[in-house]
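These notes concern the structure reproduced below.
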Protein chains: 2
Amino acid sequence: MFSKTTEYALRAAIYIAQKSTADKKLGIAEIAKAIDSPQSFTAKIIQQLTRGNTLVSSVRGPNGGFFMTEKAKRLPVRVILDLMGEDSKFQTCILGLKQCSELKPCPMHFEYKPIKEQLISLFADRSIESLAEDINNEHAFINSRNKRG
Amino acid sequence: MFSKTTEYALRAAIYIAQKSTADKKLGIAEIAKAIDSPQSFTAKIIQQLTRGNTLVSSVRGPNGGFFMTEKAKRLPVRVILDLMGEDSKFQTCILGLKQCSELKPCPMHFEYKPIKEQLISLFADRSIESLAEDINNEHAFINSRNKRG
DNA sequence: ATATTTAAGGATATATTTATCCTTTATTAT
DNA sequence: ATAATAAAGGATAAATATATCCTTAAATAT
């Protein structure tokens, strides 16, 4: 579905939404370990997510790190894809044809269309924090220790 | 969604289903031109689709080429993905987590699940020929000249 | 001011995907 | 048999994605 790069971006952003506040910043080492991704590479990716200062915020130096404001957590998941340059991910033809359209549909166009629309609205309608809600405290983030008990 | 390789495979197989019979084989040059793909690369990909002799058939020499039997045309689209080694494409976690499951779901698991199921059944239930049915004769295969008029 | 901490950024390495070219093999037509 | 045709297959190149390392810049604590 997504490239590894985008998978790391989604995991990182969702994790930061789950675990950080303006008062509780997360270091790159913690994030990379929690989401099971290569640290240096993830650092570059999170850099991209800080561009424009709308999604992820960062502070350098001691007690610095990454965090998301409450406002940022309410943004749609789509914003992550936008910052990764994957915003047209679901807009494209499933067979990769540039000229595929309603008027000149590819052989899978109408079969794929309703599914594509659900994918688009999944990312457009759901906020990052709505996903981050950790209902049963057993999310599949490998190294996070979410259990309270 | 898919890699370019898989996109070419889908386009090629669908095109061969549309245009070939055992008596009317298609050359690699025609196929590559019709589906707008690099010829040599597409040749390798179609080779993969001939493995096991269940989907695409090939004959060498003069009047040779590629074709699909009527039986092959009735196979589900999924078979193309299988031969390309992309059979688990939709089975995987949308965030790329290996340990994502019903018991330990990733933050998008349940939101993505119904969409994933539709994708799986699109490829499992629909036959290649059912897609290939060229309803309005204006498919987005760039260089095919489907118009009868 | 200085040292320490942590992200930002540049340069480079590695792996994988995508693509081309050339030779070989099978089949057909003469 | 020989030449022509078309796919099969091997070797290699180019492009892109993935990943690491090192230096720089900013913020904090002392």
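This structure is a prediction, so every number in the text was calculated from the model and none was measured. Labels below follow one simple rule: chain letters A, B, ... track the order of the sequence lines, proteins then strands, and each chain is numbered from 1.
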Problem set entry | Watson-Crick/G-U partner (both atom distances under 3.5 Å) of C/dC22 |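 C/dC22 is paired with D/dG9.
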
Dump the pairs, protein N or O against N or O of nucleotides 1-3 of chain D, anything under 3.5 Å, distances to one decimal.
none

Problem set entry | Presence of A/Y8 side-chain N/O under 4.0 Å of D/dA19 phosphate oxygens OP1/OP2 |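 So the side chain of A/Y8 is within the cut-off, an N or O lying under 4.0 Å from OP1 or OP2 of D/dA19.
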
Value in whole Å for how far the [atom2] atom of [N] lies from [atom1] of [X]:
X     : N      : atom1 : atom2 : value
B/Q48 : C/dT18 : CD    : C1'   : 13 Å
A/F67 : D/dA27 : CZ    : P     : 12 Å
A/R11 : D/dT18 : CZ    : P     : 12 Å
A/D36 : D/dT18 : CG    : P     : 16 Å
B/F41 : D/dT16 : CZ    : P     : 13 Å
B/K25 : D/dT5  : NZ    : P     : 17 Å
A/Q39 : D/dT18 : CD    : P     : 19 Å

For this session: Would you check if the side chain of B/S127 reaches a backbone N or O of B/P76 as a donor-acceptor pair within less than 3.5 Å?
Result: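 No.
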
Exercise. Between the side chain of B/S130 and the main-chain N/O of B/R126, is any donor-acceptor distance below 3.5 Å?
Worked result: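 Here the side-chain-to-backbone pair does not exist.
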
Exercise. Using a cut-off of 4.0 Å on non-hydrogen atoms, how would the nucleic acid contact of B/S40 be classed: base, sugar-phosphate, or nothing?
Worked result: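 B/S40: base contact, heavy atoms under 4.0 Å.
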
For this session: State, yes or no, whether a side-chain contact exists between A/K73 and A/I128 at a heavy-atom distance under 4.5 Å.
Result: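 Not touching, per the 4.5 Å side-chain cut-off.
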
Problem set entry | Lys/Arg cation over aromatic A/F90: A/K116, 6.0 Å, 45° cone |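 No, cation not above the ring by the 6.0 Å, 45° rule.
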
Problem set entry | B/S/- contact track for nucleotides 6-15 of chain C, protein heavy atom under 4.0 Å | BBBBBB----

Exercise. For A/E86, which residues count as a side chain to side chain contact (heavy atoms under 4.5 Å, CB included) partner, sequence neighbours excluded?
Worked result: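 Expected list: A/S3, A/T6, A/L81, A/M84, A/K89.
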
